[in-house]
Amino acid sequence: MFENLKPLDPDPILGLINEFKADESSLKVDLGVGVYRNEQGKTPILEAVREAEQRRIREENTKEYLGGAGEVAYNQAMIKLLFGTDSAEVDNDRVRAVQTPGGCGALRVLAEFLVRCNPDATIWVSNPTWANHMPLLGEAGLKIREYPYYNYETHSIDFDEMMETLSHVGKGDLVLLHGCCHNPCGADLDETQWHALAKLANLKGFTPFIDIAYQGFGDGVEEDAIGVRVMANHVEEMVVAQSCSKNFGLYRERVGTAFILSKNTKQADIAYSQLLNVIRGMYSMPPAHGAAIVRRILEDEALKTMWMGEVAEMRHRIKTLRVELVKGLAASGFNRDFSFIERERGMFSFLGLDPEQVAILKKEHSIYMLGSSRVSIAGLNAGNMQYVLDSITKVLKND
Ligand code: LMR
């Protein structure tokens with residue numbers, strides 16, 4: 001029966017990792033996948049993670065089944081991290097959380113749950129959005145439509161157009177929002193815009209679905225949770241998918257969380273029972289290791305402080321690289337303003353190159369980025385910055 005299958009192209013993001021590995025150029029630069037790299041081009045294990053991991057290995061005394069929700073103490077710690085320590089919604093027992101295999105696991109579990117709530121639901125996603133949102137949400141059965149978001153000319157959010165489109169979305173449908181550090185464009189909603197969206201959600205009745213995979217990479221761990229907190233303060237129901245891949249550097253350990261905010265405790269309990277049932281039918285229960293590390297960090301004051309410092313270091317490095325990139329591009333003498341890169345947040349920005357220029361950068365200069373010209377800023381460093389700038393200059397000069 002396998003002869004009926006057609007071969008598929010590699011994933012547009014993960015496929016680049018292999019292409020980059022196979023490239024033998026000593027000058028090659030990886031600006032593709034969203035993985036943090038330090039000045040040496042490495043993705044180090046955070047010190048707080050190393051310490052928590054050693055403690056875990058010393059303390060672990062069983063490999064017994066964990067249960068579908070994962071580690072309860074991890075879930076509680078993640079609720080505090082995202083909703084804050086003084087959340088009325090948490091105090092009123094309206095929030096439930098389950099540990100998931102990464103942010104992707106959270107997105108898929110929530111999508112399956114939402115299809116149970118409404119088999120005809122449409123989810124509205126920003127144009128553009130992360131490529132993997134489509135299979136994760138669509139293959140669960142949610143219909144996908146787009147709302148305007150990033151304006152490639154002005155390099156800012158088309159907020160009025162976004163609001164106009166979303167004003168036609170009603171009860172039973174969902175709106176996917178990036179909690180912070182928008183992937184792929186780096187243009188984030190400000191607090192006023194989050195308030196306006198929360199008001200619209202209430203007025204029209206749609207359910208917000210927030211994806212937050214970069215908490216701490218924008219303006220700070222607390223600051224980046226503002227969108228989730230504003231929304232939670234105003235709406236009766238919402239869901240949130242969270243990832244620990246980037247801010248804890250736990251990419252391969254697959255640690256994430258799915259949150260549900262319900263109208264009241266009774267509804268929260270019902271939703272939670274459905275969530276556990278979805279999980280049982282998909283993968284039964286999440287892996288233990290990564291979440292046990294995160295829980296130890298968040299529960300221990302000294303480890304948490306160490307972790308916050310390491311997140312700040314990653315955030316500052318990315319911000320500094322943004323400034324240097326803009327400075328370098330300005331010095332190249334183009335009649336183009338790249339200053340938007342400095343204003344954007346998180347790991348990604350579009351350079352504004354066309355697919356052909358992106359292809360030339362890959363083929364002739366061994367510089368890898370997504371076809372949309374999304375670059376992962378942390379792939380830059382003092383050793384490759386000038387080479388990248390010179391290569392972009394060459395490609396743009398032929399424009
Ligand atoms: C990215 O957008 O590059 C990351 O989120 C990694 C991934 O899985 O796509």
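Bear in mind that the values here come from a model prediction, so they are computed numbers and not experimental data. Just so it is clear, the values below take in all heavy atoms, side chains as well, and ignore hydrogens, waters and symmetry mates. Counting starts at 1 for both ligands and their atoms, following the listed order.
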Problem - Passing candidate, salt bridge (Lys or Arg N to Asp or Glu O under 4.0 Å) with Arg345, options Asp224, Asp219, Asp190 - result: Asp219
What are the atom names and distances for all N or O pairs under 3.5 Å between ligand 1 and the protein?
from, atom 1, to, atom 2, distance (Å)
ligand 1, 2 (O), Trp130, NE1, 3.1
ligand 1, 2 (O), Asn183, ND2, 2.9
ligand 1, 2 (O), Arg374, NH1, 2.9
ligand 1, 3 (O), Gly34, N, 2.7
ligand 1, 3 (O), Arg374, NH2, 2.9
ligand 1, 5 (O), Lys246, NZ, 3.1
ligand 1, 9 (O), Trp130, NE1, 3.0

Exercise for the section: Would you please indicate yes or no on a ring centroid separation below 6.0 angstrom for Phe348 and Tyr214? Expected result: yes
Exercise for the section: Please work out which of the three classes, parallel, tilted or perpendicular, describes the rings of Tyr149 and Tyr147, given edges at 30° and 60°. Expected result: perpendicular
Practice task
Only counting residues at least two apart or in another chain, list the ones meeting side chain to side chain donor-acceptor pair (under 3.5 Å) with His133.
Solution key: Thr129, Asp211
Which donor-acceptor pairs under 3.5 Å do the side chains of residues 247-256 make with protein atoms, sequence neighbours left out?
from, atom 1, to, atom 2, distance (Å)
Asn247, ND2, Gln215, O, 3.0
Tyr251, OH, Tyr36, N, 2.9
Arg254, NH1, Tyr251, O, 3.0

Completion exercise
ring-ring contact (aromatic ring centres under 6.0 Å, His included) filter on Phe217, not counting sequence neighbours, yields none
